[in-house]
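Residues: numbered from 1 along the sequence shown. Counting convention: from 1, in listed order, for ligands and their atoms alike.
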Amino acid sequence: MKIAVTDYSFDSLDFEKAILEPLGCEVVDAQCRTPQETMKLTHDCDGVISQYAPINADVIGAMQKVRVIARYGIGVDNVDIAAARAKGIAVCNVPDYCINEVADHTLALMLCATRCLVSDNANVHAGNWKASVPAPSMKSLDQCKVGVAGFGRIGRQVVQRLLAFGGEILVFDPVAPLADIEKSGARAASLDEIFGCDIVTLHCPSTDQTRKMVNAQSLAKMPRGAILVNVSRGDLVDSEALAQTVKSGQIGAAALDVLDEEPPPEKHPLLGLGNVIVTPHVASVSARSVRVLRESTAEAVARAVRGEKLLNVVNGVE
Ligand SMILES: NC(=O)c1ccc[n+]([C@@H]2O[C@H](COP(=O)([O-])OP(=O)(O)OC[C@H]3O[C@@H](n4cnc5c(N)ncnc54)[C@H](O)[C@@H]3O)[C@@H](O)[C@H]2O)c1
């Protein structure tokens, strides 16, 4: 069987090959960036592993034998899962390789923003020890209302961590059972209430409902000086609107692990702003979690090769 790896950001595919080649698979790879490149690589394959390459309806339409598309990661927004479903191709993700690490990264970003860590560190290294006292934008989490959008695996871990800081925690999730939210120690709230919080943190997938959920209107509803944290997907936020509100002081700080364009162009509106902290989509890239991710993704395809029941199918195809 021929397995295509459409793109990857690792040095080699040694972990994947160690799982697939003993099963008689040939692993072919590329660094596809366009649907045309992806189509060329995958059309005659039996299985596909993908990181960010676009797998749209045209790419799926051209697939002659593919039984499974496995994504290196949790979000599957680079794959047209409805087109795959219509063609009987299972789409699998790896839902659990990095939950605690992404939750840790969320708190790290939140604390960097509330404690003004990045600017204070830069000031000291530039020879400026004297801090302004009192620091007007420094906040303590126990006095903040934190709004968590998305109460899935990562959102739940973020709530667990936030509880230790003692502030009020509000959660919006249109699907999660209210009882689960209340049991966690947070309070279930509407999306409007979330945007009334001092800090908003996003933990939902990129879907038609969530894209640009943070926009000029929602940012205007937030209390002046509020903080936005995003470790989910960059397209949940209207970057232009966020940049404007950071410049006006309506938003006190933004702390982001994801952007709507990755890597961002030099003139991206959120680059170069003092109160915007950006990490390059690294919340889940420790050596441990990347190894688990790569082996789990290869194993998802290996299950199909061995004719076993697939796990973590996100589009309902058995
Ligand atoms: N920065 C990173 O490196 C990184 C790593 C892993 C995951 N992620 C992103 O984080 C997201 C969340 O991961 P997860 O493991 O918690 O996923 P999950 O599927 O366990 O949880 C997502 C939650 O969002 C909820 N949701 C759906 N639509 C919503 C809406 N309109 N408003 C509020 N909530 C909504 C769902 O009901 C679900 O409970 C992923 O979709 C992925 O895009 C980022």
Quiz item: Out of V118, L256, V229, which residue meets the side chain to side chain contact (heavy atoms under 4.5 Å, CB included) rule with I277?
Solution: V118
Quiz prompt | Of the listed options G150, P177, A176, closest to atom 34 (N) of ligand 1 (non-hydrogen atoms) | solution = G150
Practice problem: List the closest protein heavy-atom neighbour of atom 40 (C) of ligand 1: residue, atom name, distance to the nearest 0.1 Å. | Solution: I74 CG2, 3.9 Å
Exercise. State the atoms of ligand 1, each with its element, that fall below the 4.0 Å cut-off from a heavy-atom position in A283.
Key: 1 (N), 2 (C), 3 (O)
Self-check item: D192 versus S190, side-chain donor and acceptor atoms under 3.5 Å
Solution: no
Self-check item: Option among V48, D80, V76 that satisfies the side chain to side chain contact (heavy atoms under 4.5 Å, CB included) test with I55
Solution: V48
Quiz prompt | Per-atom contacts, ligand 1 versus P174 - under 4.0 Å to a heavy atom | solution = 29 (C), 30 (C), 32 (N), 33 (C), 34 (N), 35 (C)
Quiz prompt | Side chain, backbone, both or neither: F172 near ligand 1, heavy atoms under 4.0 Å | solution = both
Self-check item: Side chain, backbone, both or neither: the part of R233 lying under 4.0 Å from ligand 1 by heavy atom
Solution: side chain
Exercise. Answer side chain, backbone, both or neither: which part of I154 comes under 4.0 Å from ligand 1, heavy atoms only.
Key: both
Quiz item: Of the options V317, V313, N315, which is the one that meets V91 in a side chain to side chain contact (heavy atoms under 4.5 Å, CB included)?
Solution: N315
Quiz item: Tell me, which protein residue and heavy-atom name are nearest atom 4 (C) of ligand 1, and how many Å apart are they?
Solution: V231 O, 3.7 Å
Quiz prompt | Any N or O of Y97 closer than 3.5 Å to N or O of ligand 1 | solution = no
Practice problem: May I ask you to list the atoms of ligand 1 that are less than 4.0 angstrom from any heavy atom of V175? | Solution: 37 (O)
Quiz item: Which ligand 1 atoms, with their elements, are less than 4.0 angstrom from a heavy-atom of S284?
Solution: 3 (O)
Quiz item: CG/D44 to CG/L41 distance, rounded to the nearest 0.5 angstrom?
Solution: 8.5 Å
Self-check item: Lys/Arg-Asp/Glu bridge criterion (N-O < 4.0 Å) met for R33, E37
Solution: no
Quiz prompt | Under 3.5 Å side-chain donor-acceptor pair for H281 and T279 | solution = no
Exercise. Please confirm whether Y72 and F10 have ring centers closer than 6.0 angstrom.
Key: yes
Quiz item: With a 4.0 Å heavy-atom cut-off (strictly under), which part of H105 contacts ligand 1: side chain, backbone, both or neither?
Solution: neither
Quiz item: What protein heavy atom is closest to atom 5 (C) of ligand 1, reported as residue, atom name and distance in Å?
Solution: V102 CG2, 3.5 Å
Practice problem: Could you verify whether a donor N or O on one side chain and an acceptor N or O on the other, from N100 and R161, lie under 3.5 Å apart? | Solution: yes
Practice problem: May I ask you to identify the nearest protein heavy atom to atom 12 (C) of ligand 1, giving residue, atom name and distance to one decimal place in Å? | Solution: H203 O, 3.5 Å
Quiz item: Which of the numbered atoms in ligand 1 are below 4.0 angstrom from a heavy atom of S232?
Solution: 9 (C), 10 (O), 43 (O), 44 (C)
Practice problem: Report yes or no: do S284 and E101 form a side-chain donor-acceptor pair below 3.5 Å? | Solution: no
Quiz item: Counting both backbone and side chain atoms, is some N or O of R153 under 3.5 Å from an N or O of ligand 1?
Solution: yes
Exercise. Tell me which part of S206 gets within contact of ligand 1: side chain, backbone, both or neither, using heavy atoms under 4.0 Å.
Key: neither
Quiz item: So, N230 versus S232: side-chain donor-acceptor pair below 3.5 Å or not?
Solution: yes
Quiz item: Within a strict 4.5 Å, meaning less than it, do heavy atoms of the R233 and D77 side chains meet?
Solution: yes
Quiz item: Out of R156, R211, M213, H281, whose heavy atom is nearest to atom 3 (O) of ligand 1?
Solution: H281
Practice problem: Considering heavy atoms of the protein only, find what lies nearest to atom 24 (O) of ligand 1 and give residue, atom and distance to 0.1 Å. | Solution: P205 CD, 3.4 Å
Practice problem: Looking only at protein heavy atoms, identify the closest one to atom 21 (O) of ligand 1 and say how far it is in Å. | Solution: G152 CA, 3.2 Å
Practice problem: Measure the distance from atom 28 (N) of ligand 1 to every protein heavy atom, then report the residue, atom name and distance (to 0.1 Å) of the closest one. | Solution: T210 CG2, 4.0 Å
Quiz item: Just how far is it from atom CD of E26 to atom NZ of K17, taken to the nearest 0.5 Å?
Solution: 10.0 Å
Self-check item: atom 37 (O) of ligand 1 - nearest protein heavy atom and its distance
Solution: D173 OD1, 2.8 Å
